[in-house]
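Remarks on the structure that follows.
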Amino acid sequence: MQSINPYTGRLVASCKNYSEEKTNEIIDLVDAEFQQWKKAPFLKRKELMLRLKKQLLGQKETLASLMVAEMGKVKREALGEIEKCALVCDYYAENAESFLKNETIKTEASESYISFQPLGTVLAVMPWNFPFWQVFRFLAPALMAGNTGLLKHASNVAGCALAIEKLVTDAGFPENVFRTLLISGSEVKTVIENPKVKAVTLTGSMPAGKSVAAIAGSALKKSVLELGGSDPYIICEDADIAGAARLCVTSRLINAGQSCIGAKRFIVMETVYESFRNEFVFRMEAATYGDPNDPNTTIGPLARPDLRDELHQQVTKSVELGAKILCGGFIPEGKAPFYPPTVLENVKPGMPAYHEELFGPVAVLFCVKTMDEALQIANDTVFGLGASIFTSDIESGKMLAEKGLEAGCVFINDFVKSDPRLPFGGIKESGYGRELSLFGIREFVNIKTVVVR
Ligand code: NAP
């Protein structure tokens, strides 16, 4: 298992995959720890979670630099990611107890209530794009609920995976409450099938999600899936066009475009199409790509050369089928896998850029005449993660958000972002289940009914 700095091409970390024997040993230890950890009072869990938050903030610089080195995100964003992890630790430290307190239900019985109990050891299969945030938004609620965790991180961020394991023990949590497994995707099956593993959550691509869901399904284990997205942003004619273009470009370029909730398709009313397009293309072209440690860099390299090549293929194939490039669309010179901010128009069904997730700084613009047409294009996708509407008519925006757009979350006059206080997740082939908020912590608990006659 190797992580290679995408900017310098140098080896960052090299680790040996764990043997099946070592993996099973760790699962046994984590399961044994669960028997103790589930009894720890909320006050104790809270104290440790707040110490974990402190560890994160105290080591912010080092942890951010590790992310930059392993997957190329710009340092500014890496620092922000660590701060967000501290926030989710804080949020669940403060709220877990009230989210999981018994709920009385009035029935004919003398007493009836719901009690929320931890499930046991939960496996988290995680992606490289937000190597700390994706893990912490699982870890914080899982541990606060009394579960124990196993992390199978993406192979190119093994250093981050080991750093997270160490952070948890350094914060004072029992040694086997949360362990990393350095294993490949093909070894996940035996872990899910291990009787000591009670549930699995995966954040990643749709094929990985389908495979994990099938394994979990046949083992009758609970699963949560956070998969890809191709978020549509609708720009109405009464929108603040310059402001919308600015926020749309920001969202498209976060993490060099490698975000599940990055804005990917921009559906613009004909009357304002030209002014939106001009502003949008101007801002995309103005973005700089380069050294991720340079504070003036907007986007770093993509995480791996194969990911950049795959993205370029999606663009060139779409262009061969009639799409038009407004900017970008080429492979820059040099060894680092950069891809320039790219804008496509005239994209039609049948093209990769119409149907597939573009996991990099590539935007697709559509010009439409009516809101019905806008909704038809917005929903004409297998994905259903996020969506956004730019309009000054908030009431009609809310109607579209609630009844029109097929998505797990809709933002009005802003780009989609995750927030510990709000549920996060998708519908259709973007997955199922929710992370964050009250709903996230209740995914991996036994919702137990207790009735006293
Ligand atoms: P990926 O290739 O699916 O990998 C994600 C994780 O799954 C990695 O740990 C990977 O391990 C593992 N994996 C891959 N194939 C597997 C299989 N058949 N069985 C079990 N595990 C398997 O995804 P990625 O390229 O790292 O991440 C990008 C994708 O994640 C995008 O589609 C993005 O939209 C999605 N994503 C979704 C969210 C969300 O919240 N909805 C958030 C972030 C990213 P190896 O690295 O060892 O292959």
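In this chain, residues are counted from 1 in sequence order. Just follow the structure's listing: the first ligand is 1, and inside any ligand the first atom is 1.
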Going by the closest heavy atom to [atom], which one wins out of [options]?
atom                    : options          : value
atom 38 (C) of ligand 1 : A303, S430, C260 : C260
atom 6 (C) of ligand 1  : E356, K264, M126 : M126
atom 22 (C) of ligand 1 : G185, A124, P127 : G185

[atom] [closest protein heavy-atom partner, distance rounded to 0.1 Å]:
atom                    : value
atom 32 (O) of ligand 1 : E357 OE1, 2.7 Å
atom 41 (N) of ligand 1 : L227 O, 2.6 Å
atom 28 (C) of ligand 1 : F359 CE2, 3.6 Å
atom 15 (N) of ligand 1 : A208 CB, 3.5 Å
atom 35 (C) of ligand 1 : G204 O, 3.2 Å
atom 2 (O) of ligand 1  : S205 OG, 3.9 Å
atom 45 (P) of ligand 1 : S155 OG, 3.4 Å
atom 24 (P) of ligand 1 : W128 NE1, 3.3 Å

Do NZ/NE/NH1/NH2 and the carboxylate oxygens of [X] and [Y] come within less than 4.0 Å?
X    : Y    : value
E33  : K38  : no
R277 : E345 : yes
D231 : R265 : no
E81  : K73  : yes

Counting each atom of ligand 1 from 1 as listed, which ones have a heavy atom of [X] under 4.0 Å away?
X    : result
K152 : 9 (O), 11 (O), 45 (P), 47 (O)
V125 : 6 (C), 7 (O), 9 (O), 12 (C), 21 (N)
N129 : 43 (C), 44 (C)
S211 : 18 (N), 19 (N)
Q134 : 42 (C), 43 (C)
R137 : 39 (C), 40 (O)
H153 : 9 (O)

Distance under 6.0 Å and angle within 45° of ring axis: R137 vs F424: yes

So, is the end of the K417 side chain (NZ or CZ) under 6.0 Å from the ring centre of F415 and within 45° of the ring's axis? yes

Would you kindly specify which portion of [X] sits under 4.0 Å from ligand 1, judged on non-hydrogen atoms: side chain, backbone, both or neither?
X    : value
L385 : side chain
V188 : side chain
V212 : side chain

In this structure, is the centre-to-centre distance between the rings of F178 and F173 below 6.0 Å? no

T148/T121 under side chain to side chain donor-acceptor pair (under 3.5 Å): CA gap, chis, key distance, verdict: CA-CA 5 Å; T148 47; T121 297; 2.8 Å; yes

Does S259, backbone or side chain, put an N or O under 3.5 Å from an N or O of ligand 1? no

Applying a strict 4.0 Å limit to heavy atoms, is F130 in contact with ligand 1? no

From atom 4 (O) of ligand 1, is the closest protein heavy-atom distance below 4.0 Å? no

Should the ring pair [X] and [Y] be called parallel, tilted or perpendicular, given that the plane angle runs from 0 to 90° and is split at 30 and 60?
X    : Y    : value
F99  : Y91  : tilted
F280 : F266 : tilted
Y354 : F366 : perpendicular

If you count the non-hydrogen atoms of other residues, nucleotides and ligands that lie under 6.0 Å from CZ in F439, is the total more than 12? no

Do you know which two heavy atoms are closest between N346 and M351, and how far apart they sit? O-CE, 3.5 Å

Strictly by modelled atom types, are K22 and N24 linked by a side-chain donor-acceptor pair under 3.5 Å? no

